[in-house]
Amino acid sequence: MIVRASGPLSRFSIFLLLNMFARLSIAVCLLASLTSLGVLSNPIVVRDSPISLPVAKRFNATGIANILKTDQARAHALKKNVQNANTGVEARRLSATDAAFGIPSTSYATEYVVNVTVGNPPRPFRLLVDTGSSNTWIGANQILRPPPSARDTGNSLWVEYGSGIVTGEQWVDSITLAPGLTVHNQSFGIALLAVGFETVDGILGLGPQVLTYGSLFPDATAFVPTVTDNAFAQGLIGAHSIGISFAPSKTLDGVTNGEISFGGVNDSKYTGEINFVPLTTTYPSSLYVGINQTITYGASKLPILSNNAGITDTGTTLLLIATDALQAYQAATGAEADPDIGLLRLTPAQFSKLESLFFTIGKETYEFTANAQIWPRELNSAIGGTDDFVYLIVADIGTPSGYGMDFIDGMSFLERFYSVYDAGANRFGIANTEFTLS
Ligand SMILES: *[C@@H]1O[C@H](CO)[C@@H](O)[C@H](O)[C@H]1NC(C)=O
Ligand SMILES: *[C@@H]1O[C@H](CO)[C@@H](O)[C@H](O)[C@H]1NC(C)=O
Ligand SMILES: *[C@@H]1O[C@H](CO)[C@@H](O)[C@H](O)[C@H]1NC(C)=O
Ligand SMILES: *[C@@H]1O[C@H](CO)[C@@H](O)[C@H](O)[C@H]1NC(C)=O
Ligand SMILES: *[C@@H]1O[C@H](CO)[C@@H](O)[C@H](O)[C@H]1NC(C)=O
């Protein structure tokens with residue numbers, strides 16, 4: 001996600017126009033909702049154990065044809081950050097050449113979605129789970145009137161993603177993440193225009209709050225607390241953290257095999273201990289759920305990527321690494337780029353010799369098996385491939401190492417491990433699961 005704090009006049013005008021349109025078109029609803037505004041009086045229950053929200057995974061057979069392009073567009077957007085000199089806060093802006101509408105607005109190739117309800121009476125929405133952005137919004141692909149219980153903040157919302165854009169109006173209402181977990185006074189957007197989100201109703205942004213900086217107008221220096229931030233502040237969960245459990249799947253049909261635990265970890269989802277490391281301070285990875293890691297290949301521990309900063313991201317499908325790291329990987333494996341798909345590919349004979357990658361994070365080393373490094377062969381035709389080859393999910397991030405974001409551990413990586421984003425302690429945790437060596 002890229003938040004724009006300012007930009008060329010043309011886009012600014014569009015923004016203002018949409019903003020005006022927003023206000024006009026919802027004026028009636030607003031009048032209605034003002035009369036029903038009341039102080040929320042639900043009793044607050046503090047919990048020790050986390051509350052979990054099931055996550056469904058779905059491949060989009062059309063979308064995955066563009067898997068590499070989609071991920072690289074997102075990586076490009078995630079990397080383009082600037083320091084906001086006026087406030088000293090790290091804000092992120094697009095350069096003039098990255099016109100919002102010039103970014104390919106392909107949809108996410110694999111979608112990880114949760115069901116939440118908004119407002120009272122509760123209305124259900126299917127939202128993408130995204131730890132690489134932090135604004136929550138609803139109303140893609142529909143003309144959505146704010147719930148009667150919603151309160152207008154007077155702000156407009158503008159967020160750019162590698163794969164799309166959303167602009168709309170910012171509201172406050174309750175969001176129910178799971179039975180027993182209703183977050184009150186949550187600030188979120190209702191889209192007027194959302195491009196690139198054909199199959200979902202919006203996004204549940206679970207990343208660091210700093211990513212919301214510059215997303216509102218006119219309160220351009222405001223931060224928007226995430227649902228996790230508010231749930232913790234309201235005493236609904238006992239820890240300011242989320243535990244993330246996903247699993248690999250080999251079918252195009254949707255499967256509900258993931259889980260986000262708010263306020264802690266689910267001990268039955270991992271094996272051994274959770275290894276915590278501080279979030280990286282290297283910019284721009286420091287804006288995200290960023291860490292440092294080292295990558296080697298095979299029993300000989302061939303260096304692929306030296307200790308460098310990058311991020312973990314549920315909104316990226318592949319495992320993206322710096323260009324020189326990918327070249328080292330390609331040389332080690334003998335892989336060649338498929339001319340049509342762009343992904344690296346191996347012959348079955350080469351694949352039989354593929355060795356594990358090893359990720360050193362903090363003091364621990366995690367094995368990423370040969371099976372983990374490949375696109376599920378059952379789904380080769382869905383990405384335009386054939387059975388003659390094995391396609392690799394390790395791909396080029398588009399910049400050489402030393403950039404400050406030298407990898408994106410996307411879902412292909414996260415599906416093999418349990419991970420924790422602990423915003424309260426500013427740390428990331430990782431553990432093996434039953435899927436790590438499978
Ligand atoms: C933790 O995971 C187990 C096993 O998958 C599941 O049965 C249980 O419901 C989960 N616990 C919570 C609090 O969601
Ligand atoms: C979301 O709700 C739909 C419709 O009720 C259901 O089919 C789907 O399984 C739910 N998904 C999750 C992740 O709970
Ligand atoms: C897949 O994505 C395309 C856009 O890339 C979209 O038009 C289509 O509706 C999606 N299909 C499904 C089944 O979600
Ligand atoms: C929500 O906001 C209202 C009005 O600002 C306030 O009175 C109430 O205490 C808040 N509720 C929670 C749970 O923070
Ligand atoms: C993380 O990697 C960056 C290079 O990307 C390096 O400058 C920094 O010192 C590293 N931090 C730690 C704690 O190793």
Side-chain angles (χ1 to χ4, degrees), residues 59 61 63-76 78-79 104 106 108-110 162 248-250 293-306 308 310-313 315-359 366-401 403 405-416:
F59 290 104
I64 48 183
N66 297 320
I67 187 165
L68 183 62
K69 216 173 75 182
T70 305
D71 266 13
Q72 286 180 336
R74 182 175 171 95
H76 178 73
L78 292 170
K79 278 184 290 183
T106 48
Y108 288 57
T110 44
S249 71
K250 296 178 174 181
Q293 76 186 10
T294 302
I295 309 176
T296 63
Y297 176 79
S300 64
K301 301 275 183 279
L302 189 79
I304 300 292
L305 181 73
S306 59
N308 271 307
I311 67 168
T312 64
D313 178 23
T316 296
T317 303
L318 303 169
L319 169 64
L320 301 179
I321 59 175
T323 306
D324 48 314
L326 191 77
Q327 284 162 354
Y329 176 71
Q330 193 173 350
T333 58
E336 60 174 31
D338 184 277
D340 298 322
I341 306 173
L343 292 178
L344 292 180
R345 70 181 192 198
L346 298 172
T347 63
Q350 286 174 312
F351 173 60
S352 67
K353 297 196 202 89
L354 186 66
E355 292 187 72
S356 293
L357 283 168
F358 294 92
F359 289 68
Y366 295 89
E367 182 166 1
F368 195 64
T369 64
N371 265 336
Q373 293 167 50
I374 67 169
W375 181 253
R377 276 169 288 179
E378 296 80 354
L379 304 180
N380 275 357
S381 61
I383 54 169
T386 73
D387 290 343
D388 299 338
F389 296 104
V390 177
Y391 301 89
L392 298 165
I393 52 85
V394 188
D396 188 359
I397 202 170
T399 36
S401 58
Y403 192 93
M405 192 188 290
D406 294 339
F407 58 85
I408 300 181
D409 290 347
M411 288 306 298
S412 300
F413 180 86
L414 295 173
E415 285 177 346
R416 300 278 166 174

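- Taking D409 as the reference, Q293 meet the side-chain hydrogen bond (donor to acceptor under 3.5 Å, both in side chains) condition, with sequence neighbours excluded.
- Of the inter-residue distances, the one linking H76 atom NE2 with I397 atom CD1 reads 12.0 Å to the nearest 0.5 angstrom.
- The CD atom of Q72 lies 9.5 Å from the OG1 atom of T70; values are rounded to the nearest 0.5 Å.
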Item to check | Residue pair V390, L354: steps toward the side chain to side chain contact (heavy atoms under 4.5 Å, CB included) verdict | outcome: CA-CA 11 Å; V390 177; L354 186 66; over 6 Å; no

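- Legend: residues meeting salt bridge (charged side-chain N to carboxylate O under 4.0 Å, His left out) with D313, ordered by chain and number and at least two apart, are R74.
- A distance of 12.0 Å separates CZ in F407 from OG1 in T316, rounded to the nearest 0.5 Å.
- Under the ring pair (Phe, Tyr, Trp, His ring centres under 6.0 Å) criterion, F359 pairs with F368, F413, sequence neighbours left out.
- Across all their heavy atoms, D406 and P400 have their closest contact at OD1-O, 3.8 Å.
- The side-chain hydrogen bond (donor to acceptor under 3.5 Å, both in side chains) search around T296 returns none, not counting sequence neighbours.
- Screening residues 376-391 for side chain to side chain donor-acceptor pair (under 3.5 Å), with sequence neighbours left out, gives no hits.
- K79 places no side-chain N or O within 3.5 Å of a backbone atom of Y403 that could act as its donor or acceptor partner.
- Remark: T369 engages no residue in a side-chain hydrogen bond (donor to acceptor under 3.5 Å, both in side chains) (not counting sequence neighbours).
- Put simply, the side chain of I321 reaches to within 4.5 Å of the side chain of I295, judged on heavy atoms.
- Partners of E415 under the side-chain hydrogen bond (donor to acceptor under 3.5 Å, both in side chains) rule, at least two apart in sequence or in another chain, are K57, Y112.
- Taking all atoms of both residues into account, the shortest heavy-atom contact from S401 to N308 is CB-ND2, 4.1 Å.
- Inter-residue side-chain proximity for L344 and L326 is flagged as met; some heavy-atom pair is nearer than 4.5 Å.
- Nearest heavy atom pair, residue I408 against residue L78, reads CD1-CD1, 3.9 Å.
- Of the possible polar contacts, one joining the D71 side chain to the L318 backbone as a donor-acceptor pair under 3.5 Å is found.
- In plain terms, the two heavy atoms of F351 and L346 that are nearest each other are CA-CD1, 3.9 Å.
- Between T294 and S306, the closest heavy-atom pair is OG1-C, 4.1 Å.
- Residues T323 and D396 bring a donor and an acceptor atom of their side chains to less than 3.5 Å of each other.
- Counting only distance, with no hydrogens or angles, the side chain of Q350 and the backbone of G334 share a donor-acceptor pair below 3.5 Å.
- Within the structure, the side chain to side chain donor-acceptor pair (under 3.5 Å) test picks out the following pairs touching residues 329-343 (sequence neighbours left out): Y329-Q373, E336-R345, D338-R345.
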Throw together a table of side-chain donor-acceptor distances under 3.5 angstrom for residues 298-305, partners on residues two or more places apart or in other chains.
none

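- Annotation for A75 and L320: closest pair CB-CD1, 3.7 Å, computed over non-hydrogen atoms.
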